[in-house]
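Throughout, protein chains are lettered first and strands after them, A, B, ... in sequence-line order, and every chain is numbered starting at 1.
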There are 2 protein chains.
Amino acid sequence: MSAGKRVTIADIARHVGMTNITVSRALNRPEMVRADTRERIQRAARELGYVPNAFARALKRSDSRLIGVVTASIDNPFYAEMIKSISRHAKQHDYAIMLFDTDGDPALESMAIDSLLSYQAAGVILSPVTDEPDYQPDYIKRLAAGSMAVVQLDRTLHDSGFSAVVLDNVWAGDCAAHYLLERVLVQRSGNQRRLLVVAGPEQSQISRQRLAGVQQRLAGHESDVAVDVLWGDYNLPLAQAEVARYLAHYPVPAAIFGFNQLITLGALRALREHGIDRRSLDVVGIDRLPYLDIFGISVPCVVHDGYRAGREALELLLTQMAGEPSPRTVIVRGELLQ
Amino acid sequence: MSAGKRVTIADIARHVGMTNITVSRALNRPEMVRADTRERIQRAARELGYVPNAFARALKRSDSRLIGVVTASIDNPFYAEMIKSISRHAKQHDYAIMLFDTDGDPALESMAIDSLLSYQAAGVILSPVTDEPDYQPDYIKRLAAGSMAVVQLDRTLHDSGFSAVVLDNVWAGDCAAHYLLERVLVQRSGNQRRLLVVAGPEQSQISRQRLAGVQQRLAGHESDVAVDVLWGDYNLPLAQAEVARYLAHYPVPAAIFGFNQLITLGALRALREHGIDRRSLDVVGIDRLPYLDIFGISVPCVVHDGYRAGREALELLLTQMAGEPSPRTVIVRGELLQ
DNA sequence: CTGTTAGCGCATTCAG
DNA sequence: CTGAATGCGCTAACAG
């Protein structure tokens with residue numbers, strides 16, 4: 001209750017006329033202490049306002065109950081959903097979450113990893129700032145050398161060898177292309193059969209896979225659909241600018257496929273900007289565009305279950321922490337929502 | 001580099017033929033060590049893959065570089081924005097964030113506080129599960145007794161005496177009501193002059209303030225606008241259900257005012273469900289309904305700058321941590337966006 | 001069931 | 001500028 005010094009186990013010991021270790025046991029392994037002394041100790045702890053010192057405990061036991069989450073953008077709804085899921089499940093296993101939002105900055109990402117190593121985190125769930133193969137941050141070595149479990153989420157470091165939970169990106173591309181082919185493109189005529197894909201960075205593995213999915217589906221179909229690809233980034237303004245520039249130079253395509261939520265929104269905004277009714281062509285996306293049904297709007301999207309992805313990541317991390325040596329990859333497949 | 005034991009300061013000391021303390025100094029207060037030995041030590045540290053042990057350091061210095069963030073819903077975009085802002089600014093002051101998503105569960109909230117006390121967090125930014133005055137969790141005592149700085153964010157514990165960053169809720173209500181009066185309600189006739197307010201929980205201080213703002217504005221206007229209030233919670237399904245029930249029993253009001261993003265969306269969905277064109281009446285809300293402009297939809301809203309609120313909260317926390325004894329309250333005013 | 005001893009890794013005394 | 005001793009708070013390991 002006193003605001004001055006912190007109450008330690010020793011204070012309680014003095015208070016009840018026992019030794020430290022007995023107090024420690026009464027608090028952590030109650031069954032090892034006689035019922036009445038246990039009572040006395042626990043009551044004293046409560047009355048004195050005892051708060052265990054997590055640092056001292058972790059130092060002694062050299063195992064922390066900490067899990068790190070490193071992500072580039074907590075304000076991306078898909079990531080927020082995954083983080084919520086991780087947080088919820090971590091709590092069930094008595095782990096606290098240390099969160100790092102790297103804001104797309106590799107330097108911050110590296111510092112985040114160092115912090116986690118420093119805090120002896122039992123594991124990290126990592127979604128790097130980019131998944132381009134060139135990105136080979138030097139913390140990979142530090143991570144691989146240590147005993148910290150690692151699970152990558154959504155974005156992966158090329159060839160890092162860590163476990164991962166990723167989306168089925170090829171399938172997502174395939175699925176959207178299939179939708180476009182079956183329902184849409186077949187109904188159009190001649191040179192209208194043009195699909196505009198608005199992708200992320202040209203080197204992004206995720207974008208490449210999604211595009212591969214599209215191409216694989218088109219190839220199987222023996223159609224004469226032409227694909228134009230705009231490379232950019234996973235944000236709205238750039239996607240909007242790219243699409244605007246495209247529309248200024250080429251005829252309106254039969255369909256547009258946006259590779260994530262923000263890209264799709266950017267493309268739609270560009271259409272509007274050019275005075276083109278979005279219903280005059282077909283737009284599909286990846287990731288949910290929430291609440292549009294309320295306004296009678298429907299944009300078909302391939303959506304992935306972020307809650308599930310988060311859970312899978314945490315479970316994978318726990319098995320790694322339990323000693324499973326071989327890295328595993330879990331693939332989460334989405335579904336087309338119309 | 002070795003995967004076995006962690007390398008400590010002592011290993012480095014042995015390696016370079018110095019003692020622990022010199023190594024410690026070379027790493028933390030380089031100016032206290034001769035240049036060449038400092039070099040040797042720092043190089044050895046790098047080569048051996050030394051990682052400082054944050055626990056040992058914190059234990060010794062009894063000051064952690066940890067700030068706790070406790071919130072009910074990281075997946076609420078407004079909260080996500082605030083958390084991102086907190087995270088970004090905390091990093092600038094070399095603090096790491098420990099995040100707790102309480103998921104609306106008071107028990108989890110209490111555990112989160114205990115964890116933070118246990119980790120000797122320098123401060124907490126707290127947004128409790130509810131702001132109803134009845135909610136007086138017993139961790140308040142523990143918090144007040146200790147030396148941890150506390151700043152409440154958005155939602156506050158009634159009479160807790162902690163610093164806070166809150167929204168100007170009265171003003172938000174006033175502002176929306178003003179808009180409705182000036183632009184809208186005056187144009188309607190007789191018994192059509194009915195405003196439906198869809199609020200949060202009946203005891204929520206925030207909802208009460210927003211409602212007070214509405215009533216104050218209406219009172220000042222000497223108008224004959226009647227207000228119906230639906231109490232509920234800050235989520236979509238309940239708001240939708242309440243509004244649906246209202247529409248089943250009463251004539252369509254001249255306007256609907258939703259007290260947060262999800263409530264407004266719920267109300268709009270109820271309208272749609274009842275086959276009522278939302279443009280046949282006036283709908284205003286609090287919180288942004290993002291991206292609707294892309295679809296040519298406009299729902300006027302009072303929006304608050306979450307990024308700023310987060311920054312203010314962190315700054316307030318830092319001043320508290322620096323010893324400022326008197327609690328302060330910062331009020332963030334929103335603006336009407338049409 | 002309880003106590004003694006010892007040490008986790010680091011940084012603060014105080015001496016050289 | 002460098003070192004020796006000491007302790008932060010807690011809990012193994014081994015007694016008793």
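- Distance CG (Asp11(B)) to C1' (dC8(C)): 13 Å, rounded to an integer number of Å.
- Tyr139(A) and Glu109(A) share a donor-acceptor pair across their side chains, judged by distance under 3.5 Å alone.
- Between the side chains of Tyr79(B) and Ser127(B), a donor-acceptor pair is found at a separation under 3.5 Å.
- Protein atom CD1 of Ile9(B) is 14 Å distant from nucleotide atom C1' of dC8(C), rounded to whole Å.
- As a whole-Å value, the separation of Arg25(B) CZ from dC1(D) P is 11 Å.
- Computed from coordinates, the Asn20(B) CG to dT13(C) P distance equals 18 Å when rounded to whole Å.
- Proximity of Thr8(B) to the phosphate of dG9(C): no side-chain N or O atom is located under 4.0 Å from OP1 or OP2.
- Among the protein residues, Met18(B) comes within range of the sugar-phosphate backbone only, with heavy atoms under 4.0 Å from sugar or phosphate atoms but none that close to a base.
- Asn28(A) comes within 4.0 angstrom of sugar-phosphate atoms only, judged by non-hydrogen atoms across all strands, and of no base.
- Each of dT2(C), dG9(C), dC10(D) was ranked by its minimum atom distance to the side chain of Asn53(B); first place goes to dG9(C).
- Here the straight-line distance linking atom CD of Gln152(B) with atom CG of Asp131(B) works out to 10.0 Å at 0.5 Å rounding.
- The phosphate of dG9(C) has neither OP1 nor OP2 within less than 4.0 Å of any side-chain N or O from Arg57(B).
- Side chain Lys60(B) to base dG7(D): a donor-acceptor pair is found below 3.5 Å.
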| request: Please test Ile125(B) against Val70(B) for side chain to side chain contact (heavy atoms under 4.5 Å, CB included), starting from the C-alpha separation and ending with a verdict. | output: CA-CA 6 Å; Ile125(B) 293 178; Val70(B) 180; over 6 Å; no
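- Rounded to a whole Å, the CD1 atom of Ile21(A) is 12 Å from the P atom of dT2(C).
- Atom CG in Leu117(B) sits about 16 Å away from atom C1' in dG9(D), given to the nearest Å.
- Side-chain N/O atoms of Thr22(A) include none lying less than 4.0 angstrom from OP1 or OP2 on dC1(C).
- Between the CZ atom of Arg14(B) and the P atom of dG3(D) there is a distance of 15 Å, rounded to whole Å.
- In this structure, Met32(B) places its CE atom 11 Å from C1' of dT12(C), rounding to the nearest Å.
- Look at Tyr50(B) and you'll find a side-chain N or O under 4.0 angstrom from OP1 or OP2 of dC10(C).
- Arg6(A) and Tyr50(A) share no side-chain donor-acceptor pair at under 3.5 Å.
- Remark: Ser24(A) is in phosphate contact with dT11(D), judged by side-chain N or O atoms under 4.0 Å from OP1 or OP2.
- Comparing Arg61(B) and Arg61(A) by the nucleotide of DNA chain D that holds the closest heavy atom to each, the one mapping nearer the 5' end is Arg61(B).
- Residue-level contact check: Leu59(B) touches the bases, meaning some heavy atom is under 4.0 Å from a base atom.
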